[in-house]
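Note: hydrogens, waters and symmetry copies are ignored here, and every other heavy atom, side chains too, is used. First listed ligand is number 1; within each ligand, the first listed atom is number 1.
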Amino acid sequence: MDKIRIKGGIPLKGKVVLSGAKNAALPIMSAALLTDGWSTLSNLPTLRDIQTEKKLLSFLGASFEEKPEATLRINSSKIDRFEAPYDLVKTMRASILVLGPLVARFGRAKVSLPGGCAIGARPINLHLSGLELMGARIDLKHGYVEAKAKKLKGAEIVFDIPTHTGTENLMMAACLAKGKTIIGNAAKEPEVVDLANFLTAMGANIEGAGTDIITIQGVAHLHPADYRIMPDRIEAATYMVAAGITGGEITLDGYDGSCLETVVVKLREAGLEFSQKKKDLTVHGPRKIKSVSLTTQPYPGFPTDMQAQFMALMSLGQETSVIKETIFENRFMHVSELRRMGANIQVSGNQAVVKGVSRLLGAPVMATDLRASASLVLAGLAADGITEISRVYHLDRGYEGLEKKLLPLGARIERIKESA
Ligand code: EPU
């Protein structure tokens with residue numbers, strides 16, 4: 001297993017090209033199951049999760065053609081299995097996104113129950129009750145969920161909580177259902193909108209994606225489509241924090257900061273400055289980081305996927321910040337590792353009180369999940385001395401070529417084999 005070694009303390013400077021968004025690419029690849037023929041997806045990030053998704057789709061019978069420049073063609077004409085097996089689902093929860101498309105097109109699906117993970121229990125009850133309302137029969141047996149329906153029918157669904165992948169699963173299912181589906185209290189994340197745009201390009205009839213209420217009028221067939229995946233806003237925000245925490249200056253190539261309004265407001269409060277030149281956004285790190293409090297919220301609130309990285313920044317704040325996590329019940333696994341680097345953070349329930357320290361010290365630390373790993377990289381970039389982060393496979397799930405992108409910015413970062 002690889003480790004990442006960072007010698008910190010260097011202000012990062014330069015330009016970064018963002019990759020396509022993982023959390024848009026995964027549902028969009030699953031949506032290719034809804035039709036015959038070749039769909040072409042461009043700006044697909046090179047990530048472990050994308051490899052896992054490909055494995056899953058090819059297990060189901062899909063075929064692929066790799067094209068240059070992050071482009072992949074997918075053909076789902078010969079789907080002959082309807083099951084997402086345990087081995088794949090346990091490595092990537094987003095495998096659940098094949099459930100809606102499979103039931104909608106083939107009338108059946110069997111998907112391993114994802115179970116809990118490093119950030120929380122993460123049930124899928126809302127995906128399942130939505131499908132039941134659409135007429136699917138749901139059975140939970142031997143760790144699997146089995147869904148069957150001759151033909152899904154439109155339904156009125158109101159989520160208790162706005163679930164991101166739940167909204168995506170039901171939106172995909174509703175595209176081929178008979179009649180109209182209304183999803184109330186829907187997730188408004190930009191990746192949901194990206195998926196809706198792809199589905200629309202496939203011939204779906206969807207209104208309201210990006211708002212609380214999404215209305216889908218089912219159609220008899222969808223057709224393949226060509227689509228460019230949106231840029232990864234969480235990757236963008238992570239590089240913004242990298243500029244802030246190192247007191248550097250990073251330009252996000254061709255990115256205008258869209259979909260990150262709340263994060264930018266908080267980073268500005270922390271002292272970061274932003275300047276836009278044509279299509280490039282430059283982030284200027286402050287000399288001193290101001291402490292800022294925040295609460296994670298569904299979009300357009302502050303994203304839970306940036307909480308750990310922001311906490312790394314706040315660990316060097318001048319005063320005290322209070323960070324409240326309201327989306328996942330166990331998303332503070334990075335705290336104990338940041339503390340090993342000298343951060344002063346106390347957790348009580350879903351709240352972390354971060355008293356800024358004047359410096360962090362490099363240490364060996366362990367990555368526990370994707371965004372926690374990113375926060376440790378950021379802390380390592382700012383810390384005095386050497387930080388070694390193990391279990392970096394978490395990072396590889398969601399950040400394309402992180403050290404390759406950081407090196408030209410001046411970071412002293414290398415990947416080493418754990419056995420070396
Ligand atoms: N929830 C339920 N029942 C459900 C579904 C969700 O109670 O049936 C709860 C969850 O336990 C959680 C809340 O609702 O407390 C919100 O969870 P949501 O369903 O929105 O999360 P998700 O769809 O499983 C996606 C992203 C996550 C991101 C969250 C929140 C993908 C593939 N994953 O997860 O991304 O943190 O939305 O924005 O899109 C990551 O990229 O690191 C990551 C974890």
So which bit of Arg371 gets within less than 4.0 Å of ligand 1, heavy atoms only: side chain, backbone, both or neither? side chain

Check Pro123 against ligand 1 and report side chain, backbone, both or neither, counting heavy atoms closer than 4.0 Å. both

Pair Arg331 + Asp305, salt bridge at N-O below 4.0 Å: yes

Are Lys279 and Asp256 within salt-bridge range, i.e. N to O under 4.0 Å? no

Relative to ligand 1, is Leu370 under 4.0 angstrom through side chain, backbone, both or neither, heavy atoms considered? side chain

Examine the proximity of ligand 1 to His127 and report which part, side chain or backbone, both or neither, has a heavy atom under 4.0 Å away. both

Protein heavy-atom partner closest to atom 32 (C) of ligand 1 - residue, atom, separation in Å: Asn23 OD1, 3.4 Å

What is the nearest protein non-hydrogen atom to atom 36 (O) of ligand 1, stated with its residue, atom name and distance? Asp305 OD1, 2.6 Å

Once you restrict to heavy atoms under 4.0 Å, what part of Asn125 touches ligand 1? Side chain, backbone, both or neither. both

Closest to atom 19 (O) of ligand 1 among protein heavy atoms sits Thr163 OG1, 2.6 Å

Acceptor/donor pairs from residues 171-181 side chains to any protein atom, 3.5 angstrom cut, sequence neighbours excluded:
residue : atom : partner : partner atom : Å
Thr181  : OG1  : Ala155  : N            : 3.4

Any salt bridge between Asp396 and Arg391, counting N to O under 4.0 Å? no

Who gets closest to atom 15 (O) of ligand 1 by heavy atom: Asp49, Ile124, Ile327? Ile327

For His221, does the NE2 atom sit with more than 12 other heavy atoms under 6.0 Å from it, leaving out its own atoms? no

For Leu26 and ligand 1, does the shortest N/O to N/O distance drop below 3.5 Å? no

Which of the numbered atoms in ligand 1 are below 4.0 angstrom from a heavy atom of Ala94? 32 (C)

The protein heavy atom nearest to atom 8 (O) of ligand 1 is Leu126 N, 2.7 Å

Region of Thr304 engaging ligand 1 - heavy atom pairs below 4.0 Å: side chain

Atom 24 (O) of ligand 1 - nearest protein heavy atom and its distance: Arg122 NH2, 3.0 Å

Under a 4.0 Å threshold between the charged nitrogen and the carboxylate oxygen, would Glu414 count as salt-bridged to Lys7? no

State whether Arg105 and Asp36 are salt-bridged, where the test is any N-O pair (Lys NZ or Arg NE/NH1/NH2 against Asp/Glu carboxylate O) under 4.0 Å. yes

Tyr144 and Tyr86: aromatic ring centres closer than 6.0 Å? no

List the closest protein heavy-atom neighbour of atom 21 (O) of ligand 1: residue, atom name, distance to the nearest 0.1 Å. Phe328 CZ, 3.7 Å

Between Ile161 and ligand 1, which residue portion shows a heavy-atom distance shorter than 4.0 Å: side chain, backbone, both, or neither? side chain

Does a side-chain N-to-carboxylate-O contact under 4.0 Å join Asp212 and Lys188? yes

Do the charged groups of Glu235 and Lys405 touch, with an N to O distance under 4.0 Å? yes

May I ask you to list the atoms of ligand 1 that are less than 4.0 angstrom from any heavy atom of Thr165? 22 (P), 23 (O), 24 (O), 31 (C), 32 (C), 39 (O)

Test of understanding: with ring pair (Phe, Tyr, Trp, His ring centres under 6.0 Å), list the residues that count as partners of Phe332, not counting sequence neighbours. none

Can you tell if the side chain of Ile386 reaches within under 4.5 Å of the side chain of Arg5, non-hydrogen atoms only? yes

Can you check which of Glu325, Glu191, Glu168, His164 brings a heavy atom nearest to atom 25 (C) of ligand 1? His164

Option with minimal heavy-atom separation from atom 44 (C) of ligand 1, where the choices are Arg331, Arg397, Arg93: Arg331

Between Glu69 and Lys67, is the closest basic N to carboxylate O distance under 4.0 Å? no

Only heavy atoms of Lys22, strictly under 4.0 Å: list the atoms of ligand 1 that pass. 40 (C), 41 (O)

Report the part of Gln307 (side chain from C-beta onward, or backbone N, CA, C, O) that has a heavy atom under 4.0 Å from ligand 1; answer both or neither where that applies. neither

